[in-house]
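Quick caveat: nothing in here was measured; it's all calculated off a predicted structure.
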Amino acid sequence: MNVQDSSVPRPEHPRPQFVRPRWLSLNGTWQWERDPSDSGLERGLVDTELTGQIVVPFAPESELSGVADPDWHEAVWYRRRVELPEDWPNGDRVLLHCQAVDHDATVWVDGTEVGRHRGGHTSFTLDLTDALDGRRSATLVLRARDPRHELLPRGKQATWFANTHCNYTRTTGIWQPVWLESVPTAYLGRARITPDAAGAFDLDVPVVHGIPGQRVRATLTDEAGDVVSAEVPVGLQLTPHLRLDVPRERQRWWGPEDPHLYGLSLELLDADGGVLDQVGSYAGLRTIAIHGHRILLNGEPVFQRLVLDQGYWPDGLMTAPSEEALVRDIELGLAAGFNGARIHQKIAEERFLYHCDRMGYLVWGEFPDWGVSGQGPAGHNQKPGPTFVAQWVEAVERDYSHPSIVGWCPLNETHQFLHDRFTVLDDVTFAMYWATKGMDRTRPVIDASGYSHRVATTDVWDSHDYTQDPEEFARVMDGLAEGRPHTNTGENSGDGVEGAPPYSLPYAGQPYFCSEYGGIWWVPEHQRSAEDATNDEGESWGYGNRPADEEEFYSRAEGLTRVLDQNPLMFGYCYTQLTDVFQEKNGIYAFDRSSKLDVARVRSIFDHPSAYERADDHPSTP
């Protein structure tokens, strides 16, 4: 079993949906060094003691790292000595898992390069066995490059020095847990778990280095014990496939009101039935379907009361300071009346998704695509590259089995005029959308949230609008019943050019929601600085004019929200946002998660009966 030092930061297992008993956290103090000119390889830093220290998994820009340097870091180096635990068998393979390194990573073991990875938000695994060559201790070195001027998917990281408006302090290098895992010579790969409307689970379980004669066994459990088990041989198909049919009397459907999770044991057996590898997992039985303008969860229209969650903390930036902080954000969302979140411009860490799974918190998975706009005239201003597609499919593959994820959002606010030429944005939007559909036929996909809807057959359509007057907002949102919903255009959004061409192809009757609204600028009197208290253009900002008092906040938020939740053709909304983030003061809670408002009154605004759920023209529950 893994025994962690209580002084190790973030000591919990980073991958709770695929757990083996033998693993070792590498979080904690590492040697660290800046490499401002990215010359470290030439200067021999692979084989040299480094001059500084850092606390992993926190980025050097964050306070919790011990470095707290928010400037740009073209390259940074990490180094530590690794000792394999005594109970790890000599014949096992040793895997290194990096949950997220921003942005380009290279790893060496005792001076031998073992692998590279590109992608600031996606996880990667490297097999260290050959480089270790039987040794039980080694020096691990990691270099991370984060080039300032390269066009990369950066999410909310500012491409200039200071925090400004809705762009925040950068993240460089390791910013999620790093850990080792001991696996047998033949071992199970990450399973894909697909729930079925018939009350079953389809499992695709890859086997690495498997041989004929071996078998894969899966066993589903609940609080009463074993539910169902199945076995298939290794070697007859590229990826062993199993089906677990859950008896009717043991079926329990996952949803916000009852987020039931089954236990799932996966085993690799030898020809005599001996267990070669065993992994603990879990699964949620739920279905998603589109019926006209509705998105149905388990056959029922569940109104999606979502909140925008940026996933930033004052001391850890994009890294939660503790597991309790991850749970706390879900609790805060639920307390405020929301039943889910749009994880904005960030790929959530797996530990967060686990808690969403067990707490019944709906999630739209999103890609951090910002960082490549403003690269030319409005008809050719977006320059996403092939790395967008590569990194996005890694994220979808990793998070496919989480029942809390109810939709995918590859792009956000990609504003570019339509004209008679194909652009890079067209190609990348099509590629990301269809790659997602090819990988996952069970969830809806929106081609781009707000702004440039370039895929005519996109499953979902949406818009963003921060109008602050409820009456005006009602006029903006009027027209959905006539098939002409509010659409972001080059005139009313983004470029703001009068008479500009559209961003999007025509609406085609898809399920529709307003996926960003509100953003009400509010700083309680006791939280205002001297400048902020006297100057509306001071240290903070939000959308529109700041309410005169707290009562005006409640009145405005309620008026805006009723425009959306009383429209029977709208399946949900996403309110901006859960917490303040640095200078952006439009959260329900403060940046440190303290109270800004009367949460009971906030809950009465958002946890309100919707017209969408009151309608009765929908299929029955499975």
Are side-chain N/O atoms of Asp102 and Thr171 paired as donor and acceptor at under 3.5 Å?
no

Distance-minimising heavy-atom pair for Thr169 and Asn163:
N-OD1, 2.5 Å

Min side-chain heavy-atom separation Val363-Ile343 under 4.5 Å
yes

Using a strict 4.0 Å threshold on nitrogen-to-oxygen distance, state whether Arg170 and Asp146 make a salt bridge.
no

Answer yes if the side chains of Gln17 and Arg398 hold a donor-acceptor pair under 3.5 Å, and no otherwise.
no

Passing candidate, salt bridge (Lys or Arg N to Asp or Glu O under 4.0 Å) with Arg601, options Glu558, Glu550, Glu551:
Glu551

Is the charged tip of Arg80 near the ring of Trp30: under 6.0 Å from the six-membered ring centre and within 45° of its axis?
yes

Please find the pair of heavy atoms, one from Tyr168 and one from His165, that lie closest to each other, and give the distance.
CE2-O, 4.0 Å

Heavy atoms only: give me the nearest Ser123-Glu350 pair and the separation to one decimal.
OG-OE2, 4.3 Å

Assess whether a salt bridge exists between Arg250 and Asp222, defined as any Lys/Arg side-chain N lying under 4.0 Å from an Asp/Glu carboxylate O.
yes

Residue pair Arg443, Asp440: steps toward the side-chain contact (heavy atoms from CB on, under 4.5 Å) verdict:
CA-CA 6 Å; Arg443 295 178 176 93; Asp440 186 355; 2.7 Å; yes

Taking Gln251 for its side chain and Val246 for its backbone only, find out whether a donor-acceptor pair lies under 3.5 Å.
yes

Pro314 side chain near Phe582 side chain, heavy-atom distance below 4.5 Å
no

Asp357 side chain to Ser404 backbone, donor-acceptor under 3.5 Å
yes

If you take all heavy atoms of Ala341 and Tyr361, which pair is closest and at what distance?
CB-CE2, 3.7 Å

How many angstroms lie between CZ in Arg252 and CG in Leu261, if you round to the nearest 0.5 Å?
9.5 Å

Per the side chain to side chain contact (heavy atoms under 4.5 Å, CB included) rule, which among Asn27, Leu26, Val8 passes with Pro177?
Asn27

Tell me whether the centres of the aromatic rings in Trp23 and His97 are closer together than 6.0 Å.
no

With respect to Phe303, which candidate in Tyr573, Phe606, Phe571 satisfies the ring pair (Phe, Tyr, Trp, His ring centres under 6.0 Å) definition?
Tyr573

Whether the side chain of Arg286 engages the backbone of Pro403 through a donor-acceptor N/O pair (distance < 3.5 Å, no angle test) should be reported.
yes

Gap separating the CG atom of Leu242 from the CG atom of Asp204, nearest 0.5 angstrom
8.5 Å

Do the side-chain N and O atoms of His608 and Thr561 include a donor-acceptor pair separated by under 3.5 angstrom?
no

side-chain contact (heavy atoms from CB on, under 4.5 Å) between Val302 and Asn339, intermediate numbers included
CA-CA 10 Å; Val302 176; Asn339 61 9; 4.1 Å; yes

List the steps and the verdict of side chain to side chain donor-acceptor pair (under 3.5 Å) for Trp521 and Ser540.
CA-CA 8 Å; Trp521 180 12; Ser540 71; 2.8 Å; yes

How about Trp364 and Gln304: does a side-chain donor come under 3.5 Å of a side-chain acceptor?
yes

Pair Thr194-Asp202, side-chain donor/acceptor within less than 3.5 Å:
no

Any side-chain donor near an acceptor of the partner, Glu366 and His344, under 3.5 Å
yes

Quiz question: by atom type and distance under 3.5 Å, do the side chains of Asn586 and Trp522 form a donor-acceptor pair?
no

For the residue pair Trp254 and His260, is the inter-centroid distance of their aromatic rings smaller than 6.0 Å?
no

Side-chain ion pair, Arg305 and Asp565, N-O less than 4.0 Å:
no

How far apart are the closest heavy atoms of Ala59 and Trp175, and which atoms are they?
CB-CB, 4.3 Å

Side chain to side chain donor-acceptor pair (under 3.5 Å) between Thr319 and Trp313, worked out:
CA-CA 7 Å; Thr319 311; Trp313 286 266; over 6 Å; no

Tell me yes or no: between the side chains of Tyr282 and Ser401, is some donor less than 3.5 Å from an acceptor?
no

Within 45° of the ring axis of Tyr400 and under 6.0 Å from its six-membered ring centre, is that where the NZ or CZ of Arg192 lies?
yes

Testing Glu61, His73, His103 for side-chain hydrogen bond (donor to acceptor under 3.5 Å, both in side chains) with Thr172, which one passes?
Glu61

Only one of Tyr575, Tyr543, Tyr466 passes side-chain hydrogen bond (donor to acceptor under 3.5 Å, both in side chains) with Glu516, and that residue is Tyr466

Atom of Pro321, atom of Leu64 and distance for their closest heavy-atom approach:
CB-CD1, 3.6 Å

Please test His117 against Leu126 for side-chain contact (heavy atoms from CB on, under 4.5 Å), starting from the C-alpha separation and ending with a verdict.
CA-CA 10 Å; His117 178 263; Leu126 299 173; over 6 Å; no

Among Arg342, Lys346, Gln345, Gln577, exactly one meets side-chain hydrogen bond (donor to acceptor under 3.5 Å, both in side chains) together with Gln310. Which residue is that?
Gln577

Tell me, please, which residues at least two apart from His355 pass ring-ring contact (aromatic ring centres under 6.0 Å, His included).
none

Distance in Å, Ser265 OG paired with Leu220 CG, rounded so as to fall on 0.5 Å steps
10.5 Å

Step-by-step side-chain contact (heavy atoms from CB on, under 4.5 Å) determination, Met570 to Phe513:
CA-CA 5 Å; Met570 202 169 295; Phe513 74 136; 4.1 Å; yes

Do the side-chain N and O atoms of Ser463 and Asp465 include a donor-acceptor pair separated by under 3.5 angstrom?
no

Please work out whether the ring planes of Tyr262 and Phe201 are parallel, tilted or perpendicular, with thresholds of 30° and 60°.
perpendicular

Does atom CD (Glu257) have a neighbourhood of more than 12 heavy atoms from anything else shown, all under 6.0 Å?
no

